[in-house]
Amino acid sequence: MKCTIDLPDTLVQQLKQYLQDHPDQNLEGLIQEALEEKLAGKNLSKLLTLAGIVNESPRNASNQAEDSPNIINPC
């Protein structure tokens, strides 16, 4: 499918700069990535995979809460 779009000059300049800074990327691939991300909806599988990285915790989080009055902040 071919499509023609009008972009504001500021966005065109940003797009040109991005493609210059990322020579491994082309316009077609960039547009496809952006559309897939926007149209695919929220896919939480990557976040859930990342969350699963920590297999063990050295202590129970409730015993070391950041807002615990027993923790002194040296800053």
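Model, not experiment: these values are computed from the prediction.
Here Lys38 contributes atom NZ and Glu33 contributes atom CD; the two are 15.5 Å apart, rounded to the nearest 0.5 Å. Rounding to the nearest 0.5 angstrom, the gap separating the NZ atom in Lys16 from the CG atom in Leu27 is 11.5 Å. Expressed to the nearest 0.5 Å, how far CG of Leu30 lies from CG of Leu35 amounts to 9.5 Å.
Counting all heavy atoms, side chain and backbone alike, Leu19 lies closest to Asn26 at CD2-C, 3.9 Å.
Within a 6.0 Å radius of CG in Asp6, other residues, nucleotides and ligands contribute 12 heavy atoms or fewer. In Asp21, the CG atom is crowded: over 12 heavy atoms of neighbouring residues, nucleotides or ligands sit closer than 6.0 Å.
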